[in-house]
A.B. asks: 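Before I ask anything, let me first share the structure, which is written out below as structure tokens.
Only a predicted model underlies this, so the values are computations on that prediction, with no experimental measurement involved. Throughout, residue positions are numbered sequentially from 1 according to the sequence presented. Numbering of ligands and ligand atoms starts at 1, following listing order.
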Amino acid sequence: MDLQLKDKVIIVTGGAKGIGEAIVRTCGAEGAIPVIVDRDAEAGKRVQTELQNAGATCGLITVDLSIPESCQQSVEKAEEKFGHIDALVNNAGRNDKVGLEDGSPADYVASLHRNLVHYYSMAHYSLPHLKRSRGAIINIASKTAVTGQGGTSGYASAKGGVMALTREWAAELLPYGIRVNTVIPAEVMTPLYRDWLDTFPNPQEKLKTILSKIPLENRMTTVEEIAAMTVFLLSARSSHTTGQHLFVDGGYVHLDRALT
Ligand code: NAP
């Protein structure tokens with residue numbers, strides 16, 4: 001299937017590692033021009049160099065997205081370098097465990113800056129460009145928004161906000177033909193997930209317990225599986241799909257617990 005993404009400029013926040021990296025690599029393999037926006041300069045450079053060595057074009061902008069001005073600067077830099085922006089993937093975030101009891105109002109607001117506010121800012125500053133290209137937006141959310149987790153008010157509400165904004169923007173941007181969808185992962189092995197697992201006394205045992213609860217094949221979702229859905233939703237092949245919440249999770253959130 002030709003996804004018709006050749007030479008499309010696609011901004012991917014958090015594109016240096018994990019899920020974002022896989023989206024960047026899949027975009028590159030489809031002939032698109034991914035632009036990594038990430039604070040990890042070293043990892044970003046490594047991915048950019050590998051893509052360039054394979055004959056793809058890839059942009060790299062090193063910023064911390066929780067600083068509001070960095071979003072405007074990132075969009076401006078991408079537009080200056082490539083002349084157009086065809087899609088935005090809002091992906092950067094981290095489950096930062098700001099709880100109701102242990103956190104504070106200031107911690108909560110800071111968590112929203114790490115996980116939600118830059119999704120809005122990136123979309124806001126990209127909008128004039130996306131109007132011109134009749135582009136697409138994909139927001140990466142989390143199962144935590146619909147299942148809860150405990151001890152993570154900031155992250156859970158940010159991801160719930162991401163899902164609500166997907167519907168809201170899909171409605172607002174109908175006149176411009178800009179489609180907006182959310183991909184919702186549950187359990188995906190990434191550098192972030194590995195760090196979290198390593199906080200348990202026996203990470204292997206913990207992983208075994210988690211896998212036993214994933215209905216389809218008792219395994220983690222791969223970063224490539226998240227990327228494939230994301231890139232399909234970015235492409236003209238999903239031209240009548242908007243405002244959707246796509247759970248790419250092996251049935252983790254919706255299938256009957258009795259199946260596991
Ligand atoms: P990851 O392995 O940490 O990769 C994310 C990348 O984004 C890292 O390079 C990270 O840099 C960067 N980043 C994070 N916040 C940033 C910021 N404020 N400014 C600039 N760069 C930033 O994470 P991942 O597991 O791939 O997660 C990607 C997205 O999927 C997140 O929104 C996460 O909530 C969501 N998600 C993941 C899972 C899962 O199982 N992995 C499940 C549900 C949802 P640093 O390393 O410096 O932080």
A.B. asks: Check for a donor-acceptor pair, side chain of Gln244 on one end and backbone N or O of Thr242 on the other, with a separation under 3.5 Å.
C.D. replies: yes

A.B. asks: Do you know which of Glu224, Glu50, Glu30 makes salt bridge (charged side-chain N to carboxylate O under 4.0 Å, His left out) with Arg25?
C.D. replies: Glu50

A.B. asks: Give me the nearest non-hydrogen protein atom to atom 13 (N) of ligand 1 as residue plus atom name, then the distance to 0.1 Å.
C.D. replies: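 Protein heavy atom with the smallest distance to atom 13 (N) of ligand 1: Ala92 CB, 3.9 Å.
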
A.B. asks: Where is the nearest protein heavy atom to atom 46 (O) of ligand 1: which residue, which atom, and how far?
C.D. replies: Lys17 NZ, 2.7 Å

A.B. asks: Provide the number and element of each atom of ligand 1 under 4.0 Å from a heavy atom of Pro191.
C.D. replies: 2 (O)

A.B. asks: Under 3.5 Å, N or O to N or O, is Leu192 touching ligand 1 that way?
C.D. replies: yes

A.B. asks: Could you list which atoms of ligand 1 come closer than 4.0 Å to a heavy atom of Ile140?
C.D. replies: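 Those of ligand 1 that fall under 4.0 Å from Ile140 are 30 (O).
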
A.B. asks: Considering both backbone and side-chain atoms of Tyr155, is one of its nitrogen or oxygen atoms within less than 3.5 Å of a nitrogen or oxygen in ligand 1?
C.D. replies: yes

A.B. asks: I'd like to know if the side chain of Asp198 reaches the main chain of Asp195, judged simply by a donor and an acceptor atom lying under 3.5 Å from each other, with no hydrogens or angles considered.
C.D. replies: no

A.B. asks: Side chain or backbone, does Arg114 bring an N or O within less than 3.5 Å of an N or O on ligand 1?
C.D. replies: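 Among all N and O atoms of Arg114, none is under 3.5 Å from an N or O of ligand 1.
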
A.B. asks: Are Met220 and Leu246 grouped together when hydrophobic residues (ILVMFWY) are joined by side-chain heavy atoms under 4.5 angstrom apart?
C.D. replies: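 No, Met220 and Leu246 fall in different hydrophobic clusters.
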
A.B. asks: Under 4.0 Å from a heavy atom of Ser66: give me the atoms of ligand 1 that qualify, with their elements.
C.D. replies: 18 (N)

A.B. asks: Is there a heavy atom in Ala141 that sits closer than 4.0 Å to ligand 1?
C.D. replies: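 Checking ligand 1 against Ala141, which is what was asked, there is a heavy-atom contact under 4.0 Å.
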
A.B. asks: Parallel, tilted or perpendicular: which fits the ring planes of Trp169 and Tyr120, with parallel below 30° and perpendicular above 60°?
C.D. replies: tilted

A.B. asks: Can you sort out which atoms of ligand 1 are near Glu187, meaning under 4.0 Å from one of its heavy atoms?
C.D. replies: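 Ligand 1 atoms under the 4.0 Å threshold to Glu187: 40 (O).
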
A.B. asks: For ligand 1, is Asn95 a contact, meaning one of its heavy atoms is under 4.0 Å away?
C.D. replies: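 Outside the 4.0 Å threshold, so no.
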
A.B. asks: Record the part of Met189 in heavy-atom contact with ligand 1 below 4.0 Å; permitted values are side chain, backbone, both and neither.
C.D. replies: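 Neither part.
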
A.B. asks: Decide whether Gln73 and Tyr125 meet the rule of one side-chain donor and one side-chain acceptor closer than 3.5 Å.
C.D. replies: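 Distance-only check fails for Gln73 and Tyr125.
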
A.B. asks: Would one find an N or O of Val188, backbone or side chain, under 3.5 Å from an N or O of ligand 1?
C.D. replies: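 Yes, since at least one N or O of Val188 sits under 3.5 Å from an N or O of ligand 1.
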
A.B. asks: To the nearest 0.1 Å, how far is atom 21 (N) of ligand 1 from its closest protein heavy atom, and which atom is that?
C.D. replies: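 Checked against all protein heavy atoms, atom 21 (N) of ligand 1 sits closest to Arg39 N, 3.2 Å.
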
A.B. asks: Test of understanding: given a 4.0 Å heavy-atom threshold, classify the contact between Val63 and ligand 1 as side chain, backbone, both, or neither.
C.D. replies: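 The answer is the backbone of Val63.
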
A.B. asks: Check whether Tyr252 forms a cation-pi arrangement with Arg257 (NZ or CZ under 6.0 Å from the six-membered ring centre, at most 45° off the ring normal).
C.D. replies: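 Output yes; distance and angle both within limits.
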
A.B. asks: Which residue holds the protein heavy atom closest to atom 42 (C) of ligand 1, what is that atom called, and what is the gap in Å?
C.D. replies: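 Its nearest protein heavy-atom neighbour is Ala186 O, 3.3 Å.
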
A.B. asks: Stepwise, does the salt bridge (Lys or Arg N to Asp or Glu O under 4.0 Å) test hold for Glu187 with Lys143?
C.D. replies: CA-CA 9 Å; Glu187 308 287 344; Lys143 69 143 176 28; 3.6 Å; yes

A.B. asks: Asn139 side chain to Met163 main-chain N or O, any donor-acceptor pair under 3.5 Å?
C.D. replies: no

A.B. asks: Would you mind listing which atoms of ligand 1 come within a distance below 4.0 Å of any non-hydrogen atom of Asp64?
C.D. replies: 17 (C), 18 (N), 19 (N)

A.B. asks: May I ask you to identify, for Ser70, whether its side chain, its backbone, both or neither come under 4.0 Å of ligand 1 on a heavy-atom basis?
C.D. replies: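 Ser70 to ligand 1: no contact under 4.0 Å from either part.
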
A.B. asks: State the CG-NZ distance between Leu234 and Lys8, to the nearest 0.5 angstrom.
C.D. replies: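 Between atom CG of Leu234 and atom NZ of Lys8 there are 11.0 Å.
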
A.B. asks: For ligand 1, find out whether one of its N or O atoms is nearer than 3.5 Å to an N or O atom of Leu65.
C.D. replies: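 In this structure, Leu65 places an N or O atom under 3.5 Å from an N or O of ligand 1.
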
A.B. asks: How far is atom 7 (O) of ligand 1 from the closest protein heavy atom, and which atom is that?
C.D. replies: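 Its nearest protein heavy-atom neighbour is Gly14 CA, 3.1 Å.
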
A.B. asks: Are the charged groups of Glu42 and Arg46 less than 4.0 angstrom apart, N to O?
C.D. replies: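 No.
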
A.B. asks: Just let me know how Ala43 lines up against ligand 1, side chain, backbone, both or neither, with a heavy-atom cut-off below 4.0 Å.
C.D. replies: neither

A.B. asks: Quick test of your reading of the structure: of Thr190, Asn91, Ile23, Ile19, whose heavy atom lies closest to atom 38 (C) of ligand 1?
C.D. replies: Ile19

A.B. asks: Can you measure from CD1 (Ile11) to CD1 (Ile33) and round to the nearest 0.5 angstrom?
C.D. replies: 12.0 Å

A.B. asks: Should we say atom CZ of Phe200 is surrounded by more than 12 heavy atoms from elsewhere, each under 6.0 Å from it?
C.D. replies: yes

A.B. asks: Find all atoms of ligand 1 within a distance of less than 4.0 Å from any non-hydrogen atom belonging to Gly18, and give their numbers and elements.
C.D. replies: 2 (O), 26 (O)

A.B. asks: Donor-acceptor pair, distance only, cut-off 3.5 Å: does the side chain of Asp86 make one with the backbone of Gly135?
C.D. replies: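 Absent.
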
A.B. asks: Considering only heavy atoms, which of Asp195, Asp38, Thr13, Asp96 lies nearest to atom 12 (C) of ligand 1?
C.D. replies: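 Residue with the shortest heavy-atom distance to the ligand atom: Asp38.
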
A.B. asks: Within less than 4.0 angstrom of ligand 1, does Lys159 place any heavy atom?
C.D. replies: yes

A.B. asks: Examine the side chains of Tyr108 and Ser157 and answer whether a donor and an acceptor come within less than 3.5 Å of each other.
C.D. replies: yes

